[in-house]
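Shown next, in structure tokens, is the structure this report addresses.
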Amino acid sequence: MKTGLLYGIVASSKTRVRCIFCGVFIPKASKCIEEHASGTKHKENIQQMSENGITCNDKELYCQPCDYYFTEDDSVVSHLDGDDHENWMVALYDLIDGEFINVDAFLACESKEAHCDVCKLNIHCSLLNVEEHVNAMSHRINVCEELKPSNAIFRVEDDTELWCKLCDAYIDNTITSVMKHVDDDEEHVGWFAEIEELIEGHDISIENFLKNEHEKYAFCNKCQMEVICDTQNIQSHVDSESHLNQFS
Ligand SMILES: [Zn+2]
Ligand SMILES: [Zn+2]
Ligand SMILES: [Zn+2]
Ligand SMILES: [Zn+2]
Ligand SMILES: [Zn+2]
């Protein structure tokens, strides 16, 4: 991103300049401009732009989500506070929640597209397009396939069922029931909550345990050793002196 001193500062009159990001006038003296450009508010606004799809070309501000060119009266703050922009962002985040869709490049104005990580394709990032995409059967299947290995859900001989290793439970082999199990099943969600709290900051991997049906162990990268992947064993491992010594 451009961050030069005069980024966002445009001439206004003989005595004043205007910061189009902050929507304020500044006396036309290098010291005042410098002070403004290195101020917290100004920097915050530039940060906000890069997270909200607002870009500045040729001293003209443009909001990609709203497809809106700023007028003289607009500032980044006034635009972000407006209902249109906020509603758009809320709607987008609602749509992509849990869908493996990456909008970082779009919101940084580096691309006009969102990227679906599970379908491995770009989607023109309008609400309508994204909505269509997340509801498409091919996307639902891909999300479901993505969720299985990271949730210890495995095929069984009987094609109509799947087996969850964490809960030692059978679930219907349908997208809806997999999603429901992963998101709402108390035991399942509880397992993740407990284990993730235990291993946080301890450099212990559970990916292989989740991915491989017969794997019994988590792996401690600090101690370079296997630990049986349940709350009791992980708890005693992270509390053990030999493990704690690896951190000092
Ligand atoms: Zn400013
Ligand atoms: Zn906008
Ligand atoms: Zn997709
Ligand atoms: Zn489960
Ligand atoms: Zn360890």
Side-chain angles (χ1 to χ4, degrees), residues 1-136 139 142-143 146:
M1 189 184 357
K2 289 177 278 184
T3 49
L5 185 56
L6 292 176
Y7 182 46
I9 311 279
V10 299
S12 172
S13 71
K14 275 195 174 137
T15 54
R16 297 194 303 181
V17 293
R18 181 167 180 272
C19 175
I20 54 173
F21 302 161
C22 307
V24 296
F25 291 99
I26 309 155
K28 200 175 186 174
S30 337
K31 189 163 167 273
C32 300
I33 295 173
E34 218 168 292
E35 214 169 274
H36 178 81
S38 56
T40 323
K41 261 254 107 53
H42 183 78
K43 284 183 181 158
E44 261 172 32
N45 280 337
I46 293 180
Q47 182 66 30
Q48 291 274 30
M49 287 165 62
S50 69
E51 291 164 3
N52 278 280
I54 300 172
T55 175
C56 177
N57 285 322
D58 258 357
K59 316 259 179 206
E60 191 172 38
L61 283 179
Y62 172 68
C63 179
Q64 213 169 226
C66 305
D67 189 19
Y68 175 76
Y69 286 94
F70 284 46
T71 68
E72 283 259 323
D73 300 324
D74 295 318
S75 68
V76 171
V77 178
S78 72
H79 183 73
L80 295 184
D81 280 351
D83 283 347
D84 287 352
H85 186 86
E86 198 181 312
N87 290 341
W88 196 95
M89 294 291 281
V90 169
L92 177 71
Y93 279 115
D94 265 359
L95 282 173
I96 66 175
D97 183 38
E99 299 289 348
F100 303 95
I101 291 178
N102 188 322
V103 293
D104 292 352
F106 174 78
L107 292 179
C109 292
E110 286 155 8
S111 162
K112 294 209 177 306
E113 294 171 320
H115 185 76
C116 178
D117 291 340
V118 290
C119 301
K120 301 193 172 50
L121 52 82
N122 291 330
I123 318 150
H124 181 77
C125 194
S126 69
L127 293 179
L128 199 67
N129 270 322
V130 173
E131 183 176 355
E132 236 168 62
H133 184 81
V134 298
N135 287 317
H139 175 78
N142 287 340
V143 168
E146 183 76 18

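Remember, predicted model here, so these are calculated numbers, not experimental data.
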Asn87 side, atom CG; Asp94 side, atom CG - distance, nearest 0.5 Å: 11.0 Å

Strictly by modelled atom types, are His133 and Glu99 linked by a side-chain donor-acceptor pair under 3.5 Å? no

For the OG1 atom of Thr55 and the CD atom of Glu110, what is their distance to the nearest 0.5 Å? 10.0 Å

I want to check something: taking the side chain as every heavy atom from C-beta on, are Met89 and Leu80 in contact at a cut-off of under 4.5 Å? no

Between NZ on residue Lys43 and OG on residue Ser38, distance to nearest 0.5 Å: 5.5 Å

Between Lys41 and Glu44, does the salt bridge (charged side-chain N to carboxylate O under 4.0 Å, His left out) criterion hold? Intermediate values first, please. CA-CA 5 Å; Lys41 261 254 107 53; Glu44 261 172 32; 3.6 Å; yes

Distance in Å, Ile20 CD1 paired with Asp74 CG, rounded so as to fall on 0.5 Å steps: 10.5 Å

Against Phe21, only a single residue in Ile46, Ile9, Val77, Ile54 fulfils side-chain contact (heavy atoms from CB on, under 4.5 Å); can you say which? Ile46

Which residues satisfy the ring-ring contact (aromatic ring centres under 6.0 Å, His included) test with Phe100, sequence neighbours excluded? none

Does any pair with a residue in residues 44-69 pass ring-ring contact (aromatic ring centres under 6.0 Å, His included), and if so which ones, sequence neighbours excluded? Tyr62-Tyr69, Tyr68-Phe70, Tyr68-His79

Minimal non-hydrogen separation, Asp73 against Ser78, with atom names: O-OG, 4.5 Å

About how many Å separate NZ of Lys28 and CZ of Arg16, when rounded to the nearest 0.5 Å? 11.5 Å

Closest non-hydrogen atoms of Leu95 and Leu127, given as atom of the first, atom of the second and distance, are CD1-O, 3.6 Å

